There are 2 protein chains.
Amino acid sequence: MEHAEEALFRPVRAGNAFEETVERLMQAIRLGVVAPGERLPSERELATRLGVSRVTVREAIRSLQENNYVESRRGRYGGTFVNDVIPKSAPGKELGDIHDALTLRKVLETGAAEAAAGRSLGSAERRGLRVRLEEASTATLAEYRRKDSRLHLAIAEATGSASLTAAVAESRMRVNELLDTIPLLEPNLAHSNAQHEHIIASILDGDPAAARQAMAEHLDGTASLLRGFLV
Amino acid sequence: MEHAEEALFRPVRAGNAFEETVERLMQAIRLGVVAPGERLPSERELATRLGVSRVTVREAIRSLQENNYVESRRGRYGGTFVNDVIPKSAPGKELGDIHDALTLRKVLETGAAEAAAGRSLGSAERRGLRVRLEEASTATLAEYRRKDSRLHLAIAEATGSASLTAAVAESRMRVNELLDTIPLLEPNLAHSNAQHEHIIASILDGDPAAARQAMAEHLDGTASLLRGFLV
DNA sequence: CGCCAATGGCTCGCAGACATACCTTTGGAG
DNA sequence: CTCCAAAGGTATGTCTGCGAGCCATTGGCG
């Protein structure tokens, strides 16, 4: 019953500033918001936007460098660039987390699809969705996870709710970590692309029920797969 | 387009530890998780569960005392007790936040209702839902907001997803803050109670679609009201 | 009646994070 | 060729928050 208390009296800070900052940068990289070869915002800009000191940003970046996620170059037009090869993590997840993560993901992403379909989207937003769809459909197996995340984030953005977008990003990060623990996952790209097209078409058509339905089917694939592998 | 970056590069900490702690305790009080007259967990226990030092917990409690939310008594069987009269806040919200908050709430709460209906609930969970429903249905106008929140949190708990419950709690807190800026909001209790019964019945019947639909209708009332008042 | 357990009240030193300033490197603009 | 803007690299003093310990108060139990 009173596990509402557990939710409300959970730790106020997920970790220290350094760990939180690393986590954010990792999200940006793993979700493909900053693609391999691209540059992260400058240290000073990151410090401002993340609300931490530049010292902390630098420590976080150093940690990423040591794990070969990024490289930094000095001088004007320098910066910190995302590497092509991204090492894998193998944390070993709690099994109880799976239901939690998948439940939250389904709620957020089907809700986002429905909400996006229920809005009157501007031409820029419509174009953005089509571009992301195209990117995902032409992705190689290696790129798939990242391009997929970018498409799903674009859908969340199309709701116009920043906090919903943030929640989707965090949720995807959690699920991706779970997926990373399954080494031999080869998604059926053709099938997934067809589902993506269906989702985006429903959103662009302004059909919320269809968008929700399509997203639910899309998510169920990885969900049952994860449940099967990890339970 | 790239406001996925805005989501990912948002500040890593919402505020300092003190402010976050105050916020949490306020949530627990305003959402009725700890009712007037009841005792908060001890300072030592709060410090452990919130992941902050006892000094910080004490500063937060002192702040609540000064604003007359709680009173502390020393000695064994002492503690910090929630006051009956709870002062109002008048922060003055950003208008742009409304869409954001309402979009997220709808996604989370309709999704939670659907997910709860899709689970096989234990007898304890089913009883808990009925108890909360009964409490809400017999609430006076003064108690309504709190009892309503407890019922909605119970629905989120019934999904078995702790992070979904936490997200719903935070979302409700945001929306309640918005509702607080409308002084003369008198909810139609009879109407709301009927909707609650419909939602809970659908969940207990194991009808996800009906539960979602009922929750959506329930939320639309306050949503349109808020949009009307604050836009 | 006295003990004592559990609570809130208080203090002090340490570690982490911060703000700020300055240095070094780099490549384009003039 | 020189200058300089913009980026990463470094150093320092301050302050917040934490941990740990102790004190003060209270009310039930023996």
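Here is the naming used below: chain letters follow the sequence lines, and residue numbers restart at 1 for every chain. What you see is a predicted model; the values in this text were computed from it and never measured.
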Would Glu143(A) and Lys147(A) satisfy salt bridge (charged side-chain N to carboxylate O under 4.0 Å, His left out), going step by step from the backbone distance to the final call?
CA-CA 6 Å; Glu143(A) 303 170 319; Lys147(A) 296 288 180 66; 3.7 Å; yes
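Among dT25(C), dC18(C), dA7(D), the nucleotide with an atom closest to any side-chain atom of Arg39(A) is dA7(D). Side-chain proximity of Arg58(A) to the nucleotides dG27(C), dG8(D), dG17(D) is greatest for dG8(D). Relative to the side chain of Val55(A), the nucleotides dG27(C), dA11(D), dT25(D) differ in distance, and dA11(D) lies closest.
Within 4.0 Å (heavy atoms only), Arg62(B) reaches no atom of the nucleic acid at all.
With hydrogens and angles left out, the side chain of Arg54(B) and the base of dG9(C) share a donor-acceptor pair within 3.5 Å. At a cut-off of 3.5 angstrom, the base of dG8(C) holds at least one donor-acceptor pair with the side chain of Arg44(B).
The residue from Leu108(B), Val107(B), Asp100(B) that alone fulfils the side chain to side chain contact (heavy atoms under 4.5 Å, CB included) condition with Leu164(A) is Val107(B).
Glu109(A) places no side-chain N or O within 3.5 Å of a backbone atom of Lys106(A) that could act as its donor or acceptor partner.
An OP1 or OP2 oxygen of dA7(D) is reached within less than 4.0 angstrom by no side-chain nitrogen or oxygen of Ser72(A). OP1 or OP2 of dG8(D) sits under 4.0 Å from a side-chain N or O of Thr80(A).
Straight-line distance from the CD atom of Glu71(A) to the P atom of dG8(D): 14 Å, rounded to whole Å. Per the geometry, CZ belonging to Phe81(B) stands 13 Å off P belonging to dT26(D), to the nearest Å. As rounded to whole Å, 12 Å separates atom P of dT10(D) from atom CD of Glu59(A). Between the CG atom of Leu46(B) and the P atom of dG9(C) there is a distance of 13 Å, given to the nearest Å. One atom, CZ of Arg76(A), and another, C1' of dT2(D), lie 15 Å apart when rounded to the nearest Å. A straight line from CD of Glu43(B) to C1' of dC18(D) spans 15 Å, rounded to a whole angstrom. Atom P of nucleotide dG28(C) and atom CZ of Arg73(A) are separated by 12 Å, given to the nearest angstrom. Following rounding to the nearest Å, Arg74(A) (CZ) and dG27(C) (P) show an atom-to-atom distance of 12 Å.
For Arg58(B) and Glu43(B), the salt-bridge test passes: some basic side-chain N is under 4.0 Å from an acidic carboxylate O.
In terms of position along DNA chain D, the nucleotide closest to Ser42(A) lies nearer the 5' end than the nucleotide closest to the other residue of the pair Ser42(A) and Phe18(B). Along DNA chain C, the nucleotide nearest Val57(A) and the nucleotide nearest Gly78(B) are compared for position; the residue whose nucleotide lies closer to the 5' end is Gly78(B).
Judged purely by distance below 3.5 Å, without hydrogens or angles, the side chains of Thr21(B) and Thr56(B) never pair a donor atom with an acceptor atom.
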